[in-house]
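In this text, all values refer to a predicted model and were calculated from it rather than measured experimentally. Below, chains carry the letters A, B, ... as their sequence lines are ordered, and counting in each starts from 1.
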Number of protein chains: 2
Amino acid sequence: MKADAATSSRGAGVRRDQRDATRARLLEGAVSVLIEHGVAGTTTLAVQERCDVGRGTLLHHFPTHADMLSSTVTELAHRNEAFVEAEADRLSSVTDPLERAIRVMANVASQPSYLAELELWAVSRTDERLRAALRTSEHGARRDHDRVLADLFGDIADQPGGTTVINLSIEFSRGLALSGILRRDPGKRERLLCEWVAAAKVLVTSTLKQGAEQC
Amino acid sequence: MKADAATSSRGAGVRRDQRDATRARLLEGAVSVLIEHGVAGTTTLAVQERCDVGRGTLLHHFPTHADMLSSTVTELAHRNEAFVEAEADRLSSVTDPLERAIRVMANVASQPSYLAELELWAVSRTDERLRAALRTSEHGARRDHDRVLADLFGDIADQPGGTTVINLSIEFSRGLALSGILRRDPGKRERLLCEWVAAAKVLVTSTLKQGAEQC
DNA sequence: ATATTCACAGTCAGAATTGACTGTCAACCA
DNA sequence: TGGTTGACAGTCAATTCTGACTGTGAATAT
């Protein structure tokens, strides 16, 4: 085991700081490129140019293109989680807690950064490596993910059909977001959203336990 | 205007037949490659080799890669529509009409060919040309699409919350399908599906009109 | 003080893909 | 029957991307 740089009294870990700073910059750039240009456009060259670093720099931090994408995936997931809280603040004016939670989820899912994540999911269907990376990323962030969700929905989860409504809302939000890419009429999104909010309200008060137990 | 080949007495339109046959073969191959290898793997070269045609042949029918993909998109959409009816037949044992319709939708959406379509949607986010092609394709098949949906859900659409449930089911199916790509536990899919079926049953009998009208 | 390690830069060859181009043969028309 | 058209094949240059390789300077260890 080598002596830790932190043991030096002065200028400790300058190299490491540099390294981390560059790496962070590369990830930041990679995420931006991914959001703007999609998976196909997220080449090592594009990221290298975006970050204005030499070819060796990028390859030093991410030996292969797959490595770069893997790390980018994780970074993107973090970013999207942060969006949830930000959007929750932005929609603080919505009084009904259930409607607020659903609208926050739907809005976050419709953001470019989340759509980029969905794109990765879709593409990973025929890309073993990427799928593995996404699974690892999701698995690692599971705790945070659950916490964010719990914060968002609050005591709704404790009501009879609460958990069901939350789970259904997740899938619904993803579908809504994906469909939104092609949608010409933005009004339909709002209509669907309203309908789901109304449905969700019915569901949390209704006892649909017997239905779910029929499986 | 040129004389129609059909006016010739014998061997009429052999060239045209040949042309159509080759084109059909190319589309068939392109769809297969797209389903198997995803958008990134659907190169002109891959399709050319799959169909065992010369380079000139493919470029003759589809001058550019974008042209090929555009046509493939339409073909894929047709194929997916056909799947709906096939799956409806396969699930004829499911007695409850609402549950049957929902399960058919969800199953179709989870098929590789439909996932390929969703992948195209996702990718089209940052690809103007592809998005336009998808919109055109969807627009052209709208009539058929509505008819298939009407056949599937039957008289459910006439009930109070019927249309709403159908629309929500569509988005839910897409979300479920996309999530399924990464899901390790296949049991969760079935659970979510059951929960949505149960919820849908509640919704069609419940009057959630006032909720939807609050928008 | 010197050797070494490491972050970073630049160059380059190889692989993959695209689309332009030329050639060929069979079918159609005059 | 002879010319023309169109389906199809093969070749090739240009482009793009990847990753291997070599070089450099600053920070750290001895």
Taking only the side-chain nitrogens and oxygens of [X], find out if one of them lies under 4.0 Å from OP1 or OP2 of [N].
X       : N      : value
B/His60 : D/dC8  : no
B/His61 : D/dC8  : yes
A/Thr43 : D/dT16 : no
A/His65 : D/dT18 : yes
B/Thr64 : C/dG19 : no
A/Arg55 : C/dG10 : no
A/Thr44 : D/dT18 : yes

For this session: Using a strict cut-off of less than 4.0 Å between a Lys/Arg side-chain nitrogen and an Asp/Glu carboxylate oxygen, indicate whether A/Arg131 and A/Glu128 qualify as a salt bridge.
Result: yes
Exercise. Is there a side-chain hydrogen bond (donor to acceptor under 3.5 Å, both in side chains) between B/Ser92 and B/Asp89 once you walk through the steps?
Worked result: CA-CA 5 Å; B/Ser92 57; B/Asp89 286 346; over 6 Å; no
Write down the distance between [atom1] ([X]) and [atom2] ([N]), rounded to a whole number of angstrom.
X       : N      : atom1 : atom2 : answer
A/Leu58 : C/dA7  : CG    : C1'   : 13 Å
A/His37 : D/dT16 : NE2   : C1'   : 15 Å
A/Asp20 : C/dC6  : CG    : C1'   : 13 Å
A/Gln48 : C/dT11 : CD    : C1'   : 12 Å
B/Asp17 : C/dA26 : CG    : P     : 18 Å
A/Phe62 : D/dA20 : CZ    : C1'   : 19 Å
B/Leu59 : C/dT17 : CG    : C1'   : 11 Å
A/Asp52 : C/dA7  : CG    : P     : 20 Å

Exercise. Do A/Glu36 and B/Thr126 have side-chain N/O donor and acceptor atoms under 3.5 Å apart?
Worked result: no
For this session: Determine, stepwise, if the pair A/Glu138 / A/Arg135 fulfils salt bridge (Lys or Arg N to Asp or Glu O under 4.0 Å).
Result: CA-CA 5 Å; A/Glu138 293 285 316; A/Arg135 283 215 178 102; over 6 Å; no
For this session: Dump the intermediate steps for side-chain contact (heavy atoms from CB on, under 4.5 Å) on A/Tyr114 and A/Arg174, then the final yes or no.
Result: CA-CA 9 Å; A/Tyr114 194 87; A/Arg174 289 175 185 159; 3.1 Å; yes
